[in-house]
Amino acid sequence: TVGAVALDSAGNLAAATSTGGMTNKQVGRVGDSPLPGAGCYASERVAISCTGTGEVFMRTLAAYDIAAMMEYGGLSLQQASDKLIHEKIPALGGSGGLIAIDTDGNLALPFNSEGMYRGYAVAGELPVVAIYREE
Amino acid sequence: MARATIAIHGGAGAIARASMDADKELLYRQALLQIVASAQALLAAGSSALDVVTEAVRQLEACPLFNAGVGAVFTHEGTHELDASVMDGRTREAGAVAGVRRVRHPVLAARSVLENSPHVLFIGQGAESFAEKQGLEMVSNDFFSTPERRTQLEHALNTQQTLLDHDGGLPPDRKFG
């Protein structure tokens, strides 16, 4: 599964996710990636793209849940992302990660697995890529 | 003026430094860097967030290292089924396709659903016909196949597992999705 989130210079946010699904999956099985609110979500406040145990990200409406925790719970992007990835997803036996940007340009790239292929770049700064947890 | 920012991912999982050989790690880092840098350049040139995420994911789909587009994992029947979605925070508009087999870039089909249809999600044959009518590039299903993923399928079949691409890796390369 792959994804991208962006904040443009006009202050607009967007998200995209794409996947080949699961190895050896039953034909016809669909995970969270194509479902707005589960594997991909963007509003005027936050953009999110997820990767992981699709069924759990669907049942938790993971991407939208972050936006809701921020909007209704007053949590920051980092707090909401961490709560989802390190509490809610594992509580249902899921694993994976996500990337997210909010309208202030805050970034969150949490994951509860050993690693995540990821990268980010802020205007005027050098891009950063990482794979392992300890980076 | 907001500080334009981009983030990308290529999947998460049990990617331990000890189990990744240096050459393969370098390939992943180079691919991620090239894609995130080109997205940053698009943002610097004034592209919209929606255009930038669409193009970044299109490039990730084109890279055989990641489980999307070329390099997608195999189903139980040895085929590929691809899903993708895009969402615009400014308008809350969204477009998605699921279970497509012949669309070279599913993210472009999702974008076309967002822009050229009143719907959000198309699946299977309907999604393929829509993409074809929109003039998107269509390929044969085996266009997405790679030897590494076929080996992962054989491993999964032998162990009767359904593996997320995060777990689809083989020792030592247990890649995540």
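Being a predicted model, the structure only gives us computed values, none of them experimental. Proteins come first, then strands; the chains are lettered A, B, ... in the order of their sequence lines, and each starts at number 1.
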- Please flag which part of B:R101 lies under 4.5 Å from any non-hydrogen atom of chain A: side chain, backbone, both or neither. side chain
- Message: Between B:S85 (side chain only) and A:S33 (backbone N and O only), is there a donor and an acceptor less than 3.5 Å apart?
- Response: yes
- Task: State yes or no: do B:F122 and A:L35 share one hydrophobic cluster built from I, L, V, M, F, W and Y residues joined by side-chain heavy-atom distances below 4.5 Å, directly or via other members?
- Result: no
- Item | Same apolar cluster: B:L65 and A:V2, side chain cutoff 4.5 Å | yes
- Top residue by heavy-atom pair count (under 4.5 Å) with chain A, among B:A49, B:A2, B:G99, B:A84? B:A49
- Message: Out of A:G11, A:G31, A:G124, A:S43, return the one with the most heavy atom pairs under 4.5 angstrom to chain B.
- Response: A:S43
- Query: Which atom names give the shortest non-hydrogen contact between B:I8 and A:A4, and what distance separates them?
  - Reply: CG2-CB, 4.0 Å
- Query: Is B:D83 close to A:S18 at the side-chain level, that is, under 4.5 Å between some pair of heavy atoms?
  - Reply: no
- Message: Looking only at heavy atoms and a cut-off of under 4.5 Å, which of A:G97, A:G28, A:A47, A:G105 has the most pairs with chain B?
- Response: A:G28
- Task: Could you walk me through whether B:T5 and A:L107 pass the side-chain contact (heavy atoms from CB on, under 4.5 Å) test, one step at a time?
- Result: CA-CA 8 Å; B:T5 305; A:L107 273 167; 3.8 Å; yes
- Note on the structure: Rounded to the nearest 0.5 Å, the CD atom of A:Q26 sits from the OG1 atom of B:T75 at a distance of 10.0 Å
- Message: side-chain contact (heavy atoms from CB on, under 4.5 Å) for A:R118 and B:V36? Distances and angles first, verdict last.
- Response: CA-CA 9 Å; A:R118 59 202 189 276; B:V36 78; over 6 Å; no
- Item | Nearest heavy atoms of B:A12 and A:G96, plus distance in Å | CB-C, 4.0 Å
- Message: Between B:N67 and A:T19, is there a side-chain heavy-atom distance shorter than 4.5 Å?
- Response: yes
- Task: Group every Ile, Leu, Val, Met, Phe, Trp and Tyr by side-chain heavy-atom contacts under 4.5 Å, then state whether B:F143 and B:L108 land in the same group.
- Result: no
- Query: Heavy-atom distance under 4.5 Å to chain B: side chain of A:E134, backbone, both or neither?
  - Reply: side chain
- Query: So, for B:T79 and A:V27, which heavy atoms are closest and what is the spacing to 0.1 Å?
  - Reply: OG1-CG2, 4.2 Å
- Item | Min side-chain heavy-atom separation A:D8-B:V52 under 4.5 Å | no
- Please assess B:Y28 against A:I131 for the test side-chain contact (heavy atoms from CB on, under 4.5 Å), listing each intermediate value before the final yes or no. CA-CA 8 Å; B:Y28 276 103; A:I131 297 175; 4.0 Å; yes
- Query: For B:E25, is it the side chain, the backbone, both or neither that has a heavy atom under 4.5 Å from a heavy atom of chain A?
  - Reply: both
- Task: Report yes or no: do B:I35 and B:L32 belong to one cluster of Ile/Leu/Val/Met/Phe/Trp/Tyr joined by side chain heavy-atom distances under 4.5 Å?
- Result: yes
- Message: I'd like to verify something: which residue of B:L43, B:D51, B:V57 has the highest number of heavy-atom pairs under 4.5 Å with chain A?
- Response: B:V57
- Message: Applying side chain to side chain donor-acceptor pair (under 3.5 Å) to B:Q40 and A:Y120, what does each step give before you reach the verdict?
- Response: CA-CA 9 Å; B:Q40 184 184 32; A:Y120 65 87; over 6 Å; no
- Query: Measuring from A:I48:CD1 to B:M87:CE, what's the distance to the nearest 0.5 Å?
  - Reply: 9.5 Å
- In Å and rounded to the nearest 0.5 Å, what is the CG to CD1 distance from A:L7 to B:I6? 10.0 Å
- Out of B:S48, B:A94, B:A31, which one racks up the most heavy-atom pairs below 4.5 Å with chain A? B:S48
- Search all heavy atoms of A:A16 against all heavy atoms of B:V107 and return the closest pair with its distance. CB-CG2, 4.2 Å
- Item | chain B contact via A:A130 - side chain, backbone, both or neither, heavy atoms under 4.5 Å | backbone
- Query: Is A:I66 reachable from A:L92 through a run of hydrophobic residues whose side-chain heavy atoms are each under 4.5 Å from the next?
  - Reply: yes
- Name the option with the most non-hydrogen atom pairs under 4.5 Å to chain B; the candidates are A:P34, A:A6, A:A123, A:A10. A:P34
- Query: Between atom CG of B:L157 and atom OG1 of A:T23, what is the distance when rounded to the nearest 0.5 Å?
  - Reply: 9.5 Å
- Message: Counting heavy-atom pairs under 4.5 Å with chain A, which one of B:R92, B:E61, B:H105, B:E55 comes out on top?
- Response: B:R92
- Task: Check each atom of B:L50 against the heavy atoms of chain A and say whether the ones under 4.5 Å are side chain, backbone, both or neither.
- Result: both
- Query: Does CG in A:L75 sit with more than 12 non-hydrogen atoms of other residues, nucleotides or ligands closer than 6.0 Å?
  - Reply: yes
- Query: With a 4.5 Å limit on heavy-atom distance, are the side chains of B:R3 and A:D104 in contact?
  - Reply: no
- Message: Against A:N24, only a single residue in B:E154, B:H76, B:Q152 fulfils side-chain hydrogen bond (donor to acceptor under 3.5 Å, both in side chains); can you say which?
- Response: B:H76
- Are B:E81 and A:R29 ion-paired here, with the side-chain N under 4.0 Å from a carboxylate O? no
- Look at the rings of B:F66 and A:Y117 and say which category their plane angle falls in: under 30° parallel, 30 to 60° tilted, over 60° perpendicular. perpendicular
- Task: State whether B:E77 and A:K25 are salt-bridged, where the test is any N-O pair (Lys NZ or Arg NE/NH1/NH2 against Asp/Glu carboxylate O) under 4.0 Å.
- Result: no
- Message: Quick check: closest heavy atoms across A:P36 and B:V120, and the distance to 0.1 Å?
- Response: CG-CG1, 3.7 Å
- Closest-packed option against chain A by number of heavy-atom pairs under 4.5 Å, given B:A72, B:A68, B:A7: B:A7
- Task: Give the member of A:V128, A:V46, A:N112, A:L13 that has the highest number of heavy-atom pairs under 4.5 Å with chain B.
- Result: A:L13
- Heavy atoms, side chains only, cut-off 4.5 Å: are A:F111 and B:H9 in contact? no
